[in-house]
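What follows is a single structure, written as C-alpha coordinates, with notes after it.
Each chain gets a letter, A, B and so on, in the order its sequence line appears, and its residues count up from 1.
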Amino acid sequence: MDIVTSRSTNIEASNILVGLPDVGLVGTIAVSYVIEKLKMKELGYIDSPIFPPMVIIKESVVKNPVRIYGKDNIIAIISDLPLFQSLINPFFESFVGWVKKLRPRTIIGITGLPTQDRMQVSKPEVVGISTTPATRELLDKAGVKLLSDGVFVGTYAGLVRECSTQNVPSTTLLAQSYLNFPDPAASLEALSVVNKILNIDIDLKQLEEEAERIKISTRELMLLTERALKEGQRLREGRAQVIYR
Amino acid sequence: MGKDDTVEIIKELDKRIQRMMKDPLESSTLFEFLYDAERKELVPLTQINETYDEVIVKFDLPCVRKEDIFLKCTDDVLTVKARMMKSCKLTPLHSNKELEFERFRKSIRLPVLVNANNSKAAFKNGVLEIRLQKKSHQNEVIMQ
(Lines give C-alpha, C1' and ligand atoms only; values in the text may rest on other atoms or scores of the structure.)
Protein backbone atom coordinates (compact mmCIF):
# COMPACT_ATOMS: atom_id res chain seq x y z
CA MET A 1 0.00 0.00 0.00
CA ASP A 2 1.46 3.36 -1.03
CA ILE A 3 0.58 6.46 0.94
CA VAL A 4 1.55 9.39 -1.21
CA THR A 5 1.51 12.94 0.05
CA SER A 6 2.53 16.15 -1.60
CA ARG A 7 6.24 16.80 -1.05
CA SER A 8 5.56 20.42 -0.16
CA THR A 9 3.28 19.40 2.67
CA ASN A 10 4.64 18.63 6.07
CA ILE A 11 1.79 16.78 7.66
CA GLU A 12 1.34 17.28 11.35
CA ALA A 13 -2.00 16.50 12.75
CA SER A 14 -3.30 15.43 16.07
CA ASN A 15 -6.73 14.30 14.86
CA ILE A 16 -7.42 11.95 11.96
CA LEU A 17 -10.98 11.57 10.61
CA VAL A 18 -11.76 8.41 8.63
CA GLY A 19 -14.81 8.28 6.34
CA LEU A 20 -14.94 5.07 4.31
CA PRO A 21 -18.06 3.73 2.53
CA ASP A 22 -19.85 1.50 5.01
CA VAL A 23 -23.27 1.12 6.69
CA GLY A 24 -25.59 3.94 5.60
CA LEU A 25 -22.60 5.81 4.07
CA VAL A 26 -22.60 7.62 7.42
CA GLY A 27 -18.82 8.10 7.51
CA THR A 28 -18.49 9.09 3.85
CA ILE A 29 -21.23 11.72 4.12
CA ALA A 30 -19.91 13.07 7.45
CA VAL A 31 -16.25 13.39 6.46
CA SER A 32 -17.08 14.78 2.99
CA TYR A 33 -19.09 17.48 4.75
CA VAL A 34 -16.23 18.34 7.12
CA ILE A 35 -13.78 18.58 4.19
CA GLU A 36 -16.11 20.95 2.38
CA LYS A 37 -17.04 23.07 5.41
CA LEU A 38 -13.47 23.52 6.65
CA LYS A 39 -12.23 24.02 3.06
CA MET A 40 -9.58 21.38 3.61
CA LYS A 41 -6.71 21.07 1.15
CA GLU A 42 -5.98 17.84 -0.71
CA LEU A 43 -2.65 16.54 0.60
CA GLY A 44 -2.28 13.20 -1.15
CA TYR A 45 -3.77 9.77 -1.68
CA ILE A 46 -3.56 6.09 -0.78
CA ASP A 47 -3.00 3.62 -3.60
CA SER A 48 -2.26 -0.08 -3.99
CA PRO A 49 -1.85 -2.64 -6.78
CA ILE A 50 -4.66 -4.62 -5.12
CA PHE A 51 -7.19 -1.78 -5.51
CA PRO A 52 -9.52 -2.24 -8.50
CA PRO A 53 -8.61 -0.09 -11.55
CA MET A 54 -10.64 3.01 -10.82
CA VAL A 55 -10.16 6.80 -10.84
CA ILE A 56 -12.54 9.63 -10.06
CA ILE A 57 -12.91 12.56 -12.41
CA LYS A 58 -13.96 15.83 -10.79
CA GLU A 59 -14.19 18.94 -12.94
CA SER A 60 -11.98 17.29 -15.57
CA VAL A 61 -9.24 16.49 -13.02
CA VAL A 62 -8.25 12.85 -12.41
CA LYS A 63 -8.20 11.89 -8.74
CA ASN A 64 -7.42 8.69 -6.84
CA PRO A 65 -10.47 7.20 -5.12
CA VAL A 66 -8.86 7.21 -1.65
CA ARG A 67 -7.69 10.73 -0.79
CA ILE A 68 -6.12 12.58 2.13
CA TYR A 69 -7.16 16.10 3.05
CA GLY A 70 -5.89 18.37 5.82
CA LYS A 71 -6.23 21.68 7.58
CA ASP A 72 -4.73 22.95 10.84
CA ASN A 73 -4.47 19.95 13.14
CA ILE A 74 -7.04 17.76 11.37
CA ILE A 75 -6.46 15.20 8.61
CA ALA A 76 -9.40 13.56 6.82
CA ILE A 77 -9.37 10.34 4.79
CA ILE A 78 -12.18 9.90 2.26
CA SER A 79 -12.86 7.10 -0.21
CA ASP A 80 -15.09 6.63 -3.24
CA LEU A 81 -14.21 2.94 -3.14
CA PRO A 82 -15.74 0.56 -0.57
CA LEU A 83 -13.22 -1.85 0.90
CA PHE A 84 -14.08 -5.38 -0.14
CA GLN A 85 -13.09 -8.12 2.31
CA SER A 86 -9.64 -8.85 0.87
CA LEU A 87 -8.62 -5.17 1.09
CA ILE A 88 -9.52 -4.46 4.71
CA ASN A 89 -6.54 -5.95 6.58
CA PRO A 90 -3.72 -4.82 4.23
CA PHE A 91 -5.28 -1.36 3.95
CA PHE A 92 -5.45 -0.72 7.68
CA GLU A 93 -2.12 -2.34 8.43
CA SER A 94 -0.40 0.21 6.17
CA PHE A 95 -2.67 3.10 7.05
CA VAL A 96 -2.36 2.75 10.82
CA GLY A 97 1.39 2.22 10.50
CA TRP A 98 1.62 5.54 8.63
CA VAL A 99 -0.66 7.37 11.07
CA LYS A 100 1.33 6.08 14.05
CA LYS A 101 4.35 8.11 12.87
CA LEU A 102 2.23 11.27 13.12
CA ARG A 103 1.64 10.56 16.83
CA PRO A 104 -2.04 11.52 16.71
CA ARG A 105 -4.20 12.41 19.69
CA THR A 106 -6.85 10.17 18.15
CA ILE A 107 -8.09 8.56 14.94
CA ILE A 108 -11.87 9.09 14.69
CA GLY A 109 -13.69 6.53 12.54
CA ILE A 110 -17.32 7.29 11.69
CA THR A 111 -19.85 4.71 10.55
CA GLY A 112 -23.44 3.54 10.92
CA LEU A 113 -25.00 1.08 13.35
CA PRO A 114 -27.65 -0.86 11.38
CA THR A 115 -30.97 -0.35 13.16
CA GLN A 116 -34.00 -2.38 12.14
CA ASP A 117 -36.59 0.12 13.39
CA ARG A 118 -34.64 3.16 12.12
CA MET A 119 -37.87 4.69 10.77
CA GLN A 120 -39.11 5.07 14.35
CA VAL A 121 -35.86 6.74 15.48
CA SER A 122 -36.19 10.52 15.17
CA LYS A 123 -32.73 11.35 16.59
CA PRO A 124 -30.14 8.61 15.97
CA GLU A 125 -28.09 7.72 19.02
CA VAL A 126 -24.30 7.61 18.74
CA VAL A 127 -22.25 4.99 20.61
CA GLY A 128 -18.49 4.60 20.66
CA ILE A 129 -15.63 2.11 20.69
CA SER A 130 -12.22 3.24 21.96
CA THR A 131 -8.85 1.50 22.04
CA THR A 132 -7.09 3.40 24.87
CA PRO A 133 -8.01 4.91 28.27
CA ALA A 134 -7.32 8.40 26.86
CA THR A 135 -9.84 7.98 24.02
CA ARG A 136 -12.36 6.44 26.43
CA GLU A 137 -12.08 9.66 28.41
CA LEU A 138 -12.65 11.72 25.23
CA LEU A 139 -15.88 9.84 24.57
CA ASP A 140 -16.93 10.18 28.19
CA LYS A 141 -16.42 13.97 28.10
CA ALA A 142 -18.44 14.14 24.87
CA GLY A 143 -21.29 12.30 26.59
CA VAL A 144 -21.06 9.24 24.33
CA LYS A 145 -21.99 5.80 25.65
CA LEU A 146 -19.35 3.14 25.12
CA LEU A 147 -20.30 -0.17 23.52
CA SER A 148 -19.82 -2.51 26.45
CA ASP A 149 -20.29 -6.05 25.05
CA GLY A 150 -20.67 -7.54 21.60
CA VAL A 151 -18.97 -8.43 18.36
CA PHE A 152 -17.99 -5.71 15.91
CA VAL A 153 -17.45 -6.78 12.30
CA GLY A 154 -16.80 -5.10 8.97
CA THR A 155 -14.62 -2.36 7.54
CA TYR A 156 -14.23 -0.32 10.71
CA ALA A 157 -13.58 -3.43 12.78
CA GLY A 158 -10.41 -3.67 10.70
CA LEU A 159 -9.46 -0.15 11.80
CA VAL A 160 -10.19 -0.84 15.48
CA ARG A 161 -8.27 -4.12 15.42
CA GLU A 162 -5.19 -2.58 13.82
CA CYS A 163 -5.21 0.42 16.18
CA SER A 164 -5.52 -1.92 19.13
CA THR A 165 -2.65 -4.11 17.83
CA GLN A 166 -0.35 -1.17 17.10
CA ASN A 167 -1.41 0.69 20.26
CA VAL A 168 -2.68 3.73 18.39
CA PRO A 169 -5.40 5.80 20.10
CA SER A 170 -8.66 5.51 18.19
CA THR A 171 -12.31 6.30 18.63
CA THR A 172 -15.00 4.80 16.42
CA LEU A 173 -18.40 6.48 16.41
CA LEU A 174 -21.43 4.40 15.38
CA ALA A 175 -24.69 6.26 14.72
CA GLN A 176 -28.01 4.41 14.43
CA SER A 177 -28.74 4.24 10.71
CA TYR A 178 -30.24 2.34 7.81
CA LEU A 179 -28.04 -0.49 6.55
CA ASN A 180 -28.28 0.15 2.82
CA PHE A 181 -29.89 3.60 2.45
CA PRO A 182 -27.66 6.71 2.64
CA ASP A 183 -28.41 8.27 6.04
CA PRO A 184 -27.36 11.96 6.33
CA ALA A 185 -29.37 12.36 9.56
CA ALA A 186 -27.11 9.75 11.20
CA SER A 187 -24.04 11.58 9.82
CA LEU A 188 -25.34 14.79 11.39
CA GLU A 189 -25.55 13.20 14.85
CA ALA A 190 -22.08 11.70 14.50
CA LEU A 191 -20.71 15.13 13.53
CA SER A 192 -22.31 16.69 16.64
CA VAL A 193 -20.09 14.35 18.63
CA VAL A 194 -17.04 15.14 16.46
CA ASN A 195 -17.60 18.85 17.24
CA LYS A 196 -17.38 18.03 20.96
CA ILE A 197 -14.36 15.72 20.69
CA LEU A 198 -12.36 18.14 18.54
CA ASN A 199 -13.69 21.23 20.35
CA ILE A 200 -14.73 22.84 17.07
CA ASP A 201 -18.03 24.21 15.82
CA ILE A 202 -18.81 22.99 12.31
CA ASP A 203 -22.20 24.37 11.27
CA LEU A 204 -24.44 21.39 10.52
CA LYS A 205 -27.43 23.32 9.19
CA GLN A 206 -26.43 22.93 5.54
CA LEU A 207 -26.13 19.15 5.97
CA GLU A 208 -29.68 19.04 7.30
CA GLU A 209 -30.97 21.18 4.42
CA GLU A 210 -29.21 19.16 1.73
CA ALA A 211 -29.98 15.72 3.17
CA GLU A 212 -32.46 14.73 0.44
CA ARG A 213 -30.13 15.83 -2.36
CA ILE A 214 -27.25 13.91 -0.74
CA LYS A 215 -29.40 10.75 -0.59
CA ILE A 216 -29.94 10.95 -4.35
CA SER A 217 -26.36 11.77 -5.29
CA THR A 218 -24.87 8.91 -3.21
CA ARG A 219 -27.17 6.11 -4.47
CA GLU A 220 -24.60 4.47 -6.72
CA LEU A 221 -21.94 4.45 -4.01
CA MET A 222 -24.50 2.96 -1.61
CA LEU A 223 -25.30 0.17 -4.06
CA LEU A 224 -21.59 -0.62 -4.50
CA THR A 225 -21.09 -0.53 -0.72
CA GLU A 226 -24.04 -2.86 -0.20
CA ARG A 227 -22.24 -5.43 -2.37
CA ALA A 228 -19.12 -5.14 -0.20
CA LEU A 229 -21.24 -5.52 2.95
CA LYS A 230 -22.99 -8.62 1.55
CA GLU A 231 -19.65 -10.16 0.55
CA GLY A 232 -18.36 -9.73 4.10
CA GLN A 233 -21.54 -11.22 5.53
CA ARG A 234 -21.33 -14.27 3.22
CA LEU A 235 -17.72 -14.93 4.19
CA ARG A 236 -18.48 -14.64 7.91
CA GLU A 237 -21.44 -17.03 7.65
CA GLY A 238 -19.18 -19.59 5.98
CA ARG A 239 -16.84 -19.80 8.94
CA ALA A 240 -17.43 -21.89 12.07
CA GLN A 241 -18.33 -19.74 15.06
CA VAL A 242 -16.37 -20.36 18.24
CA ILE A 243 -17.74 -18.82 21.40
CA TYR A 244 -16.16 -19.22 24.82
CA ARG A 245 -16.25 -17.50 28.17
CA MET B 1 -50.64 -11.28 -10.60
CA GLY B 2 -52.49 -8.86 -12.89
CA LYS B 3 -51.96 -8.90 -16.62
CA ASP B 4 -50.70 -5.27 -16.63
CA ASP B 5 -48.03 -6.04 -14.01
CA THR B 6 -46.80 -9.09 -15.91
CA VAL B 7 -46.57 -7.05 -19.10
CA GLU B 8 -44.63 -4.31 -17.27
CA ILE B 9 -42.10 -6.75 -15.83
CA ILE B 10 -41.60 -8.50 -19.17
CA LYS B 11 -41.10 -5.15 -20.95
CA GLU B 12 -38.54 -4.10 -18.31
CA LEU B 13 -36.60 -7.39 -18.60
CA ASP B 14 -36.65 -7.18 -22.40
CA LYS B 15 -35.22 -3.66 -22.30
CA ARG B 16 -32.39 -4.73 -20.02
CA ILE B 17 -31.52 -7.72 -22.22
CA GLN B 18 -31.55 -5.51 -25.33
CA ARG B 19 -29.24 -3.01 -23.66
CA MET B 20 -26.76 -5.71 -22.63
CA MET B 21 -26.80 -7.37 -26.06
CA LYS B 22 -26.31 -4.07 -27.92
CA ASP B 23 -22.75 -3.54 -26.68
CA PRO B 24 -21.49 -5.59 -23.74
CA LEU B 25 -18.69 -3.08 -23.07
CA GLU B 26 -21.21 -0.30 -22.62
CA SER B 27 -23.34 -2.14 -20.12
CA SER B 28 -22.59 -1.39 -16.55
CA THR B 29 -24.76 -4.17 -15.22
CA LEU B 30 -24.79 -2.87 -11.66
CA PHE B 31 -25.57 0.80 -12.18
CA GLU B 32 -27.84 0.63 -15.23
CA PHE B 33 -30.52 -0.87 -13.02
CA LEU B 34 -30.60 2.27 -10.91
CA TYR B 35 -32.32 4.41 -13.51
CA ASP B 36 -34.21 4.61 -16.81
CA ALA B 37 -32.99 7.69 -18.70
CA GLU B 38 -35.68 7.49 -21.41
CA ARG B 39 -38.50 7.62 -18.91
CA LYS B 40 -36.63 10.03 -16.56
CA GLU B 41 -37.13 7.54 -13.77
CA LEU B 42 -34.91 6.50 -10.88
CA VAL B 43 -35.17 3.00 -9.44
CA PRO B 44 -35.35 3.39 -5.66
CA LEU B 45 -32.94 1.61 -3.32
CA THR B 46 -34.87 -1.28 -1.74
CA GLN B 47 -34.71 -3.44 1.37
CA ILE B 48 -36.80 -6.62 1.80
CA ASN B 49 -37.09 -8.45 5.12
CA GLU B 50 -39.34 -11.26 6.31
CA THR B 51 -40.76 -12.07 9.71
CA TYR B 52 -42.81 -15.13 10.61
CA ASP B 53 -45.99 -13.68 9.17
CA GLU B 54 -45.01 -10.53 7.27
CA VAL B 55 -42.95 -9.37 4.33
CA ILE B 56 -41.57 -5.89 5.04
CA VAL B 57 -40.43 -3.84 2.06
CA LYS B 58 -38.71 -0.45 2.35
CA PHE B 59 -38.03 1.99 -0.48
CA ASP B 60 -35.74 5.02 -0.21
CA LEU B 61 -37.68 7.91 -1.79
CA PRO B 62 -35.91 11.23 -1.15
CA CYS B 63 -37.45 14.47 -2.47
CA VAL B 64 -40.93 12.93 -2.56
CA ARG B 65 -44.15 13.90 -0.76
CA LYS B 66 -46.50 11.29 0.69
CA GLU B 67 -49.38 12.42 -1.54
CA ASP B 68 -47.29 11.80 -4.69
CA ILE B 69 -46.69 8.10 -3.95
CA PHE B 70 -48.71 5.46 -5.77
CA LEU B 71 -48.62 1.86 -4.57
CA LYS B 72 -50.08 -1.24 -6.14
CA CYS B 73 -49.90 -4.77 -4.79
CA THR B 74 -51.01 -8.17 -6.03
CA ASP B 75 -50.35 -11.63 -4.55
CA ASP B 76 -46.70 -11.56 -5.53
CA VAL B 77 -45.80 -8.22 -7.13
CA LEU B 78 -45.43 -4.84 -5.44
CA THR B 79 -45.21 -1.71 -7.56
CA VAL B 80 -44.28 1.78 -6.38
CA LYS B 81 -44.42 4.99 -8.40
CA ALA B 82 -43.55 8.36 -6.88
CA ARG B 83 -43.19 11.81 -8.45
CA MET B 84 -40.35 13.97 -7.11
CA MET B 85 -41.13 17.47 -5.81
CA LYS B 86 -38.84 18.83 -8.50
CA SER B 87 -36.72 17.16 -11.14
CA CYS B 88 -33.11 16.45 -10.33
CA LYS B 89 -30.02 16.26 -12.52
CA LEU B 90 -27.39 13.55 -12.11
CA THR B 91 -24.35 12.34 -13.99
CA PRO B 92 -24.37 8.56 -13.42
CA LEU B 93 -21.00 6.93 -12.76
CA HIS B 94 -20.63 5.22 -16.14
CA SER B 95 -22.17 8.00 -18.23
CA ASN B 96 -20.60 11.25 -19.43
CA LYS B 97 -23.97 12.98 -19.75
CA GLU B 98 -25.96 14.83 -17.15
CA LEU B 99 -29.42 13.25 -17.04
CA GLU B 100 -32.65 14.63 -15.67
CA PHE B 101 -35.03 12.58 -13.52
CA GLU B 102 -38.56 13.31 -12.41
CA ARG B 103 -39.85 10.24 -10.60
CA PHE B 104 -39.14 6.90 -8.96
CA ARG B 105 -40.58 3.61 -10.19
CA LYS B 106 -40.04 -0.03 -9.32
CA SER B 107 -41.87 -3.35 -9.49
CA ILE B 108 -40.58 -6.21 -7.37
CA ARG B 109 -41.53 -9.86 -7.15
CA LEU B 110 -42.16 -10.73 -3.51
CA PRO B 111 -40.43 -13.76 -1.97
CA VAL B 112 -43.76 -15.34 -0.91
CA LEU B 113 -47.46 -14.91 -1.71
CA VAL B 114 -49.13 -12.17 0.32
CA ASN B 115 -52.60 -11.03 1.17
CA ALA B 116 -52.63 -7.61 -0.53
CA ASN B 117 -55.85 -6.56 1.22
CA ASN B 118 -54.17 -6.66 4.64
CA SER B 119 -51.19 -4.46 3.76
CA LYS B 120 -50.11 -1.30 5.59
CA ALA B 121 -47.80 1.49 4.44
CA ALA B 122 -46.03 4.31 6.26
CA PHE B 123 -43.87 7.12 4.90
CA LYS B 124 -41.40 8.98 7.11
CA ASN B 125 -38.34 11.15 6.33
CA GLY B 126 -38.12 9.93 2.75
CA VAL B 127 -38.46 6.20 3.50
CA LEU B 128 -41.56 4.21 2.55
CA GLU B 129 -42.28 1.02 4.50
CA ILE B 130 -44.90 -1.50 3.36
CA ARG B 131 -45.91 -4.39 5.62
CA LEU B 132 -47.61 -7.29 3.81
CA GLN B 133 -49.33 -10.23 5.49
CA LYS B 134 -48.12 -13.58 4.22
CA LYS B 135 -50.80 -15.88 2.89
CA SER B 136 -51.08 -18.75 5.28
CA HIS B 137 -51.78 -22.27 4.05
CA GLN B 138 -51.11 -23.89 7.38
CA ASN B 139 -53.51 -26.30 9.04
CA GLU B 140 -53.40 -27.04 12.75
CA VAL B 141 -51.81 -30.40 13.67
CA ILE B 142 -53.49 -32.01 16.69
CA MET B 143 -51.35 -33.99 19.17
CA GLN B 144 -52.83 -37.30 20.32
Side-chain angles (χ1 to χ4, degrees), chain A residues 21 23-25 29 52-60 65 80-82 84 112 114-124 176-189 207-231, chain B residues 28-37 40-51 54 56-66 68 82 84-104 106 120-131:
Chain A
V23 173
L25 294 184
I29 293 168
M54 175 180 162
V55 290
I56 304 299
I57 299 167
K58 281 191 183 189
E59 292 167 4
S60 304
D80 293 303
L81 179 73
F84 283 79
T115 305
Q116 203 161 358
D117 61 344
R118 171 69 179 91
M119 267 184 82
Q120 274 64 48
V121 174
S122 50
K123 188 177 155 77
Q176 286 182 302
S177 72
Y178 290 104
L179 172 66
N180 61 335
F181 296 162
D183 200 336
S187 303
L188 193 145
E189 295 304 323
L207 179 57
E208 199 174 1
E209 287 166 1
E210 293 186 359
E212 300 284 273
R213 182 194 64 76
I214 290 169
K215 286 174 97 179
I216 291 183
S217 65
T218 53
R219 281 154 37 89
E220 284 169 323
L221 181 58
M222 186 71 256
L223 197 64
L224 201 55
T225 305
E226 190 185 7
R227 282 208 165 177
L229 291 170
K230 279 182 178 166
E231 184 212 41
Chain B
S28 175
T29 319
L30 176 66
F31 298 122
E32 274 199 336
F33 299 151
L34 272 184
Y35 65 92
D36 184 330
K40 296 189 180 182
E41 288 173 348
L42 291 172
V43 178
L45 295 175
T46 308
Q47 200 175 309
I48 304 176
N49 295 107
E50 280 185 66
T51 62
E54 278 185 324
I56 304 166
V57 182
K58 289 187 183 124
F59 294 108
D60 193 28
L61 300 173
C63 301
V64 163
R65 287 180 304 198
K66 187 174 156 184
D68 294 326
M84 296 164 82
M85 286 189 273
K86 59 178 188 178
S87 64
C88 73
K89 291 186 175 163
L90 286 176
T91 306
L93 271 181
H94 73 290
S95 166
N96 61 353
K97 282 194 302 184
E98 192 179 58
L99 302 171
E100 190 180 9
F101 299 98
E102 293 172 352
R103 63 187 78 85
F104 289 96
K106 187 168 186 175
K120 290 178 197 169
F123 184 65
K124 198 173 174 187
N125 295 327
V127 175
L128 174 68
E129 178 186 86
I130 305 113
R131 300 184 89 98

Would you call A/R227-A/E231 a salt bridge at under 4.0 Å N-O? no
Side chain, backbone, both or neither: which part of B/C88 has an atom under 4.5 Å from a heavy atom of chain A? side chain
With ring centroids as reference points, do B/F104 and B/F59 lie under 6.0 angstrom apart? no
Could you tell me which portion of B/N125 (side chain, backbone, both or neither) has an atom closer than 4.5 angstrom to a non-hydrogen atom of chain A? backbone
What part of B/L45 lies closer than 4.5 angstrom to a heavy atom of chain A: side chain, backbone, both or neither? both
Check the side chains of B/T46 and B/K106 for a donor-acceptor pair under 3.5 angstrom, ignoring hydrogens and angles. yes
Looking at A/R219 and A/M222, would you say the former's side chain and the latter's main chain have a donor-acceptor pair under 3.5 Å? no
